[in-house]
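Working notes, structure below.
Please read these numbers as outputs of a predicted model, since none were measured by experiment.
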Number of protein chains: 2
Amino acid sequence: MKINTKIRYGMRAMIDIANSQNPEGVLQKDIALHQDISLKYLDSIIAALKLKGLIANSKGKGSGYKLTRDPNEITVWDIYTAFEPTIIVDCIENKEFCNRSCDCKSRDYWIEFKKDLIELLSKKRLSQIIFDNNHTN
Amino acid sequence: MKINTKIRYGMRAMIDIANSQNPEGVLQKDIALHQDISLKYLDSIIAALKLKGLIANSKGKGSGYKLTRDPNEITVWDIYTAFEPTIIVDCIENKEFCNRSCDCKSRDYWIEFKKDLIELLSKKRLSQIIFDNNHTN
DNA sequence: AATTATCCTACCAATGTTATAGGATTTATA
DNA sequence: TATAAATCCTATAACATTGGTAGGATAATT
């Protein structure tokens, strides 16, 4: 299991946008600058977050990104699924994948595990991540 | 995030061994047969479980595999780490990976997430997986 | 019209996944 | 003591995923 670069960068982009004081939003190139991510690579990150409907902007010159909802209404699972639609356990995903799936204790476990993991990711909100201060106390 | 084939096969091999009534243990080739996994590929699965100390056998002809501990003392995390030593979030693994790590809310979150996930995998025991009967009630 | 900034498509090197193949080694037993 | 059973060990390889780069098209502001 690995949390990949897109998801981690996506999280940082979301935090960056959420933290912005500017009512006009944040420019992609400024996120790239703040977060030290290549503008071109950030292209695909932003596109995914936008497609998922977590952020929005207007087009053309001067278009800053803003969150579409309150940070309290955005979970880590929301951000995660902007990049990966699900948590992958091949034998769960397609029933035909394995012909013993109708009676497989292992598969039963993975189904339960996946549910628990999604719950774990869903309970944490962007607002909590932003306001947690672990370093000053 | 993905649960890969080795981990899934490893789990099934462990269940197979745990379920065996034979006091001599289970032959690798029989696990391959029961679980429909190629004998050769199973080689590497068994090797990893053995290296981790979860199963043991004697050498040569007639050497069946047995668990080294009670199924109640074996967690999913034990099995998981036979194949992957950790859950990977690159920016956590090496501190030098990212020079903003000393003040990164995102990184703070992933550290917490990883801890929670290991806890989730650690609380489930092989005995529970074997004895859960989800299909008959 | 020029500029800013995103949007879109294609490409690519490195790595990880999922195996297969061939033979060496070890030990029980006939 | 052969011989067969069974694992142990090393190499190879096709394929998919990851983590980007590159170039230009498009849209809106000034």
Looking across every strand, which nucleic acid part, if any, lies under 4.0 Å from A:F83 by heavy atom: base, sugar-phosphate, or nothing? nothing
When you compare the side chain of A:L67 with that of A:M14, does any pair of heavy atoms fall below 4.5 Å? yes
Going by atom types alone, do B:S20 and B:K66 pair a side-chain donor with an acceptor below 3.5 Å? no
With distance as the sole criterion, is a donor-acceptor pair present between the side chains of A:N4 and A:E84 under 3.5 Å? yes
Pull out every protein N or O sitting under 3.5 Å from an N or O of nucleotides 13-20 of chain D, one pair per line with the distance.
unit_1 : atom_1 : unit_2 : atom_2 : d
D:dG19 : OP1    : A:T5   : OG1    : 3.1
D:dG19 : OP2    : A:T5   : N      : 3.0
D:dG19 : OP2    : A:T5   : OG1    : 3.4
D:dG19 : O5'    : A:T5   : OG1    : 3.4

Hey, does B:I46 have a side-chain heavy atom less than 4.5 Å from the side chain of B:Y41? no
Is it true that A:Q28 and A:N57 share a donor-acceptor pair across their side chains at a distance under 3.5 Å? no
Take the protein atom CG of B:L39 and the nucleotide atom C1' of C:dA21, then report the distance between them rounded to whole Å. 13 Å
Indicate yes or no: at least one non-hydrogen side-chain atom of A:I31 is less than 4.5 angstrom from one of A:I37. no
So which protein N/O to nucleotides 2-5 of chain C N/O distances come out below 3.5 Å?
unit_1 : atom_1 : unit_2 : atom_2 : d
C:dA5  : OP2    : A:K29  : NZ     : 3.2

Separation of D:dT7 atom C1' from B:I45 atom CD1, nearest Å, is 15 Å
Measuring only between side-chain heavy atoms, which start at C-beta, is B:K52 closer than 4.5 Å to B:F83? no
Please state how far atom CG in A:L42 lies from atom C1' in C:dT6, giving the value in whole angstrom units. 11 Å
Kindly determine whether A:K124 and A:D78 satisfy salt bridge (charged side-chain N to carboxylate O under 4.0 Å, His left out), including the steps that lead there. CA-CA 10 Å; A:K124 194 74 170 193; A:D78 289 329; over 6 Å; no
In whole Å, I'd like the distance from the CG atom of A:N57 to the P atom of D:dA27. 14 Å
With the side chain counted from C-beta on, respond yes when A:W77 and A:I87 share a heavy-atom pair under 4.5 Å apart, and no when they do not. yes
Beyond-backbone contact of B:M1 with A:Y80, side-chain heavy atoms, under 4.5 angstrom: yes
In whole angstroms, the gap separating P of C:dA19 from CD1 of B:I46 amounts to 16 Å
With heavy-atom distances below 4.5 Å as the criterion, would you say the side chains of B:V76 and A:F113 are in contact? no
Nearest-angstrom distance from the residue atom CD1 of B:I31 to C1' of D:dA5: 16 Å
List, with names and distances, any nitrogen or oxygen atoms from the protein found under 3.5 Å away from nitrogen or oxygen atoms belonging to nucleotides 9-11 of chain D.
unit_1 : atom_1 : unit_2 : atom_2 : d
D:dC9  : N4     : B:D43  : OD2    : 2.9

